[in-house]
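The structure appears right after this line, and notes come after that.
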Amino acid sequence: MTDKSATESELEIVSLQQLLLDWYQTQGRDLPWRNEPDPYKIWVSEIMLQQTQVKTVIPYYQRWLKQFPTLNALATADLQEVLKAWEGLGYYARGRNLHKAAKYIVRHHDGVFPTQPEAVLKLPGIGRTTAGGILSAAFNQPLPILDGNVKRVLARLIALPKPPKQAVSQLWELSERLLARDRAKDFNQAIMDLGATLCTPKNPACLLCPWQQHCQAYNKGIQSQLPMKEPSSPLPHKQIGVAVIRNTQGQILIDRRLEEGLLGGLWEFPGGKIEPGETVQACIKREIKEELGIEIEVGEHLISLDHAYTHFRITLHVHYCRHLAGEPQTIECQEVRWVTLEEIDRYPFPKANTKIIAALRAR
DNA sequence: GACTCGTGGGG
DNA sequence: TCCCCAAGAGT
């Protein structure tokens, strides 16, 4: 299914390439991983940048490379250490997969990041966009990308009359067709910069855009309405009871979540969902019995806080609790530990839990 | 192919 | 306060 639009002609493609590359030369962003020859460092940046804005990534990227300066350093590190470095970035499977892939590369590629696209795509956490991003940036390989920026830019360029999600293969073809094959590295970076700095989701700066005259959305005056979006369903809101359980020595009980799934491998304060008609206190007592097999007394309220994930929202109702009887067991977690408030910083926690720790310190 | 998987910032 | 969305990938 070819697009019979203006972008069809080879002549115009060359023109679009030149316009974008010229713009990039003067207006492209200066980012820490640009002009970086080490594929390991480019790889780290690409993973951190998945679904995450540049401004958020930069400090994590700098700290990461100090802590794990080489692929081998990452491969030999502890998973807990890796997750601690990732703490706060979200989508923790990225950190787990980065670690897993580093070990795999040491074992199967002699510790050298592979250059074959097929080999790169086999690595956990790397899909087509990230593979193209790494190999074009590190080796100038002529591989297209299709991230959120490129989807938005291309959807506007051809005035795509449907949500990008419903036209993924068409957009991949267009990204591949537009790619300046001899300058893949610069071209891919340039089109992402265009999306991030001019062709933004809201209030695109079309007057500054090198593709303005070629952009069908702009020419139709519908750039602010594109790309079209899918209808979204309302997010469920769950009420959660959370326990800060203290023993007679003043230590606090924390547990490590299962390796897979939401916040996998991170530590947390135990608790769970409040059932309909259930009080917070009853919920906490029940959950702790079910998950850890111990008896507690639910005490005073510490804090309540709201937190939003991608697919649901929660309100945490946190109470102090007193340990009464029983040795904590790992029934629905990997590990449990009694820690002091001084030791607790060494463990990686999800954001909602770091707010609880801050509240504990403030008391 | 539809779900799952975090967090921060902007409007 | 609420919604949107960002250098996507795994299941």
Side-chain angles (χ1 to χ4, degrees), chain A residues 28-29 31-34 42-61 83 86-98 100-101 120-137 143-153 163-166 168-169 171-172 175 185 187-197 199-204 224 227-237 257-266 268 305-315 348-355:
Chain A
R29 291 176 292 180
L31 301 174
W33 42 87
R34 293 257 163 101
I42 294 171
W43 171 37
V44 170
S45 76
E46 290 285 342
I47 301 301
M48 287 186 172
L49 286 161
Q50 289 170 1
Q51 300 295 97
T52 309
Q53 294 187 341
V54 165
K55 184 166 59 171
T56 302
V57 165
I58 287 177
Y60 279 91
Y61 176 77
L83 287 176
W86 202 272
E87 182 183 53
L89 252 190
Y91 286 137
Y92 296 92
R94 296 183 295 171
R96 298 195 304 269
N97 283 333
L98 203 44
K100 189 185 301 181
V120 173
L121 279 168
K122 281 201 178 80
L123 301 172
I126 298 184
R128 189 176 175 187
T129 286
T130 301
I134 296 169
L135 292 176
S136 63
L143 300 171
I145 57 174
L146 189 64
D147 71 327
N149 287 310
V150 178
K151 281 178 188 167
R152 185 172 58 257
V153 168
K165 191 175 293 181
Q166 297 176 24
V168 168
S169 61
L171 292 172
W172 269 112
S175 179
K185 169 184 168 132
F187 183 89
N188 282 341
Q189 299 296 317
I191 193 168
M192 283 192 285
D193 276 13
L194 187 67
T197 64
C199 197
T200 47
K202 295 167 188 171
N203 305 319
S224 63
M228 296 179 68
K229 54 184 176 185
E230 312 262 1
S232 59
S233 50
L235 304 179
H237 190 150
R257 295 174 62 90
L258 298 178
E259 207 63 44
E260 305 296 319
L262 183 70
L263 307 168
L266 274 69
E268 66 175 2
L305 47 92
D306 294 320
H307 194 75
Y309 295 99
T310 306
H311 289 283
F312 61 94
R313 304 169 182 285
I314 58 173
T315 300
F349 282 88
K351 203 61 191 175
N353 278 248
T354 63
K355 293 180 192 169

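To find a chain, count down the sequence lines: A is the first, B the second, and so on, and within it residues start at 1. Note that this is a predicted model, so its numbers are computed, not measured.
- Residue G125(A) is in sugar-phosphate contact alone, with no base atom involved, counting any heavy-atom pair closer than 4.0 Å across all strands shown.
- When all heavy atoms of N149(A) and A196(A) are compared, the closest pair comes out as OD1-N, 3.4 Å.
- Of the two residues near DNA chain C, P201(A) and T129(A), the one whose nearest nucleotide lies more 5' is P201(A).
- Panel note: side chain S136(A), backbone L143(A); no donor-acceptor pair is recorded below 3.5 Å.
- Residue K355(A) places its NZ atom among more than 12 non-hydrogen atoms of other residues, nucleotides or ligands, all under 6.0 Å distant.
- Aromatic ring centres of Y309(A) and H311(A) lie farther apart than the 6.0 Å criterion allows.
- Contact annotation for I126(A): backbone-only contact, meaning every heavy-atom pair under 4.0 Å involves sugar-phosphate atoms and none involves a base.
- A donor-acceptor contact closer than 3.5 angstrom is absent between the side chains of Q50(A) and R94(A).
- Residue I42(A) is classed as having no contact, given no heavy-atom separation below 4.0 Å to the nucleic acid.
- Within the 3.5 Å criterion, the main-chain N or O of R34(A) finds no donor-acceptor partner in the side chain of R29(A).
- Comparing the same atom, C1', in dG6(B) and in dC4(C) gives a spacing of 15 Å after rounding to whole Å.
- Residue contacts shown for W33(A) include a base, since a base heavy atom lies under 4.0 Å away.
- The same atom, C1', is picked in dG1(B) and in dG8(C); the two are 16 Å apart, to the nearest Å.
- Among the protein residues, Q166(A) comes within range of no part of the nucleic acid, since none of its heavy atoms lies under 4.0 Å from any strand.
- Separating the NZ atom in K351(A) from the CG atom in L305(A) is a distance of 12.0 Å, to the nearest 0.5 Å.
- In terms of the side chain to side chain contact (heavy atoms under 4.5 Å, CB included) criterion, residue partners of L235(A) (sequence neighbours excluded) are, by chain and number, R313(A).
- The P atoms of dT4(B) and dA7(C) are separated by 24 Å, rounded to the nearest whole Å.
- Chain A approaches DNA chain C within less than 4.0 angstrom (heavy atoms of the protein), and the contacting nucleotides run 5' to 3' from dC3(C) to dG10(C).
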Treating primed atoms plus P, OP1 and OP2 as sugar-phosphate and everything else as base, which nucleotides of nucleotides 5-11 of chain B get B, S or - for protein heavy atoms under 4.0 Å? BBBS-B-
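- Put simply, the side chain of Y92(A) never gets that close to the backbone of L262(A): no donor and acceptor are under 3.5 Å apart.
- Counting non-hydrogen atoms under 4.0 angstrom, S45(A) reaches nothing in the nucleic acid.
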